[in-house]
Structure formats: structure tokens, C-alpha cells
Amino acid sequence: MDTGRIKLEEFRLVPEHDLESPAKRSDHDGIIKLISMDDIDMELDFIGFNISLVNAYRRIILAEVATMAIEKVYMYNNTSIVQDEVLAHRLGLVPLKVDPRFFEFRNKDEKEWGAQDSVKYELKVRCSKNPQASDKETNPDILYKDRKVLSSSLKWMPIGNQTDIFQESSMQPLHDDILLAKMNCGHLINLEAYAVKGIGSDHAKFQPGLSWYRMLPEIKLVREVEGEDALLLQKCFSPGVIDIITNSEGKNVANVNDARNDACSRNVFQYDNIKDSVKMTRKTDHVIFYVESHSALKSHEILDEAVSIMIGKCDLLLSEIEKHLEMDADT
């Protein structure tokens, strides 16, 4: 079960020529290549791994990596045109900066909101006339103050000793410009909201981000394509896939530059004069894996959490197998 034990610090950055030389690595030795990474996006190459393992990480990211999201809303007053349940649903979908690793999962039977498993927010907004607006002003956003209720209106209300542990900046919504409601003069919203720790299999609002993968495209030219046909072939693929080069005879011919950029277009099959010139397949042992964060967790932290969860699953399976073998030995 060692295939599940993939740690970020164990990633090996290997030159391109090494990736194309299977003789340099064992058939059982997979390679993970880090292509690009920032706080939001991450792109990896899984080379030599069974695709079921890659898909397992994708499923764990979507369903089992925990985040914090608003779960319970106490609506004290809402005179806006947005219904209570719609506003509560919108609040639940607001991503938070709160790091879920500092919190415990809340017991569903628990009646009190504790500092170890809950984060409290307050939203009090009243729309009023802007005294500085001109008499000729017609724009309602200028005529009225607080007409738009944004996610920045959510104020963190510490529970217990949370002020000793967290800074206010790390407990705010991830984006402060998410529109929650629009109000007219005299409308008001007064509510309390509580965020808890959850996973995507319970509700999509707890998903830490998106994850998907694709197999590496493989494009081969089976015959030489030159002149106008070469230019037509180039236009059939995404930019950067096909280049036009000059061969030794001085002819402009098509050449495969980087199949990775291919978007799996099949435009080439529209043209009888070039559709037999190219062969398109995919490398089943080379998977391009993507992670995109829209939560407090960074892209690499999301994958790291998924790996830890996979390790726990593997350890549990091994322990159950050992118990079963011991029971068979006793009998």
C-alpha cells in the first residue's frame, strides 16, 4: 500500500529527457513531476501510476478534505426582498479564511456553540439615504448607503478564548466583495451565523476546491505534411501543438511541438486531405493532475490533506487484514 504514501517533500523534479527514458527507472517506480504551483492552482504529472490511484486522490479532495462553512443562521430581522432561506443558503456558500485544521468536527447532538468547533459571525446592515447625494442623482448605489450587502459585512464574533488563538484577519470571508443581497431605503438585515467544520460528501459548500485530471495527449505525424496543408493542420490544433519548420529540402512542413497543449480537438478529421496524416492517442500511464483552491487551504495543502487521508485508509485496511489473518491462525 506504499502507493498512497506520496508526500509533497518527496516530489522529484526530473528533466524532460528522463521522463522519456523508461530504462532509467523501474517499472514499479512512479515519478511525480511538479509542473506549476501557487496558492490557488497546482499542476502535477503522475507518471507510472495506476489511474485509479490518481482518481482516488481526486475523489478524496472533493469529498473528504475538510473546510469551514456557515451551517446555522439565526435570522432576527430581515426586511429585504431576499427570503430568509435564500439568504441563509448564500451565506453558507461564502468561502472563509478560517483554517479547518484548528477546529474539531462538531457533534450533531451538541446544543452549545464551542470555541473548539464553531466560528460565530454577525451581520447587521440597514439601508439608509445618503445625505451627501445630489438631488439630481439617480444611481441607487449612490443615493443610498449600504444598499449592497457584501460578504465584508460579516463580522467575526469570538467565542471563548478564540481571540487568544486567532487574528481577526484570518477569520474573515475569503473574498470581501461577494454580493449577498440588495436593499432599498429602510430595509435591514440582522442575523447571527455559525460556521462549522465539514466535508464535501455532506455538502458541496465544504469542498476545499476543484480537482480534475486528464491523460497526456500523444500526437504523431504518420506522413510529411507540407505547404498549405501544413498550415491547415496547424490551425486544427490548439496553439503550440503544431509548428511549421523548414526541412533540409527547404520545404515548410508540419512538426509536433508540444502535444501537452492539445485540447483533444478532432477538427483535423473534417479535411480529407490531411485527416490521414496524424495519429492521436493518449498515454495511459502519464496523468496530468490539477488542483484549484477556493478555500482557506492552499492548493498544495489540499493535496497534502488528501494524501494523509489516503494513508489513514491504507493503514486501516492493513490493520483489518492483519486482524483477519490472526483470527484465521487462531482457528
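Counting only distance, with no hydrogens or angles, the side chain of N247 and the backbone of G250 share a donor-acceptor pair below 3.5 Å. Between the side chain of E301 and the backbone N or O of K298 there is at least one donor-acceptor pair closer than 3.5 Å. With hydrogens and angles ignored, the 3.5 Å screen pairs a side-chain donor or acceptor of H187 with a backbone N or O of N184. Within the 3.5 Å criterion, the main-chain N or O of D117 finds no donor-acceptor partner in the side chain of R106. Side-chain atoms of S293 never come within 3.5 Å of backbone atoms of G209 as a donor-acceptor pair (strictly under, hydrogens ignored). With hydrogens and angles ignored, the 3.5 Å screen pairs a side-chain donor or acceptor of Q234 with a backbone N or O of I242. A donor-acceptor distance shorter than 3.5 angstrom exists from the side chain of Q162 to the backbone of A115, with no hydrogens or angles considered.
Residue E320 qualifies as enclosed at atom CD: its count of foreign heavy atoms under 6.0 Å is above 12. For NZ of K205, the number of neighbouring non-hydrogen atoms (other residues, nucleotides, ligands) closer than 6.0 Å is greater than 12.
Cation-pi check for K197 over F105 is met; the charged atom lies under 6.0 angstrom from the ring centroid and within 45 degrees of its normal.
Aromatic ring orientation, F166 versus W156: perpendicular (interplanar angle above 60°, classes split at 30° and 60°). Note: Y74 and Y76 have parallel aromatic rings, judged against thresholds of 30 and 60 degrees for the angle between ring planes. Between W212 and Y290, the ring planes are parallel. Angles under 30° get that label, and only those over 60° would be called perpendicular. Using cut-offs of 30° and 60° for the angle between ring planes, the F46 and F289 rings count as perpendicular.
Checked against the 6.0 Å centroid criterion, the rings of F49 and Y57 do not qualify as a close aromatic pair.
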Please lay out, stage by stage, how Y194 and Y121 fare under the test ring pair (Phe, Tyr, Trp, His ring centres under 6.0 Å). CA-CA 6 Å; Y194 290 86; Y121 293 94; 9.1 Å; no
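Between the side chains of D304 and H300, no donor-acceptor pair of N or O atoms lies under 3.5 Å.
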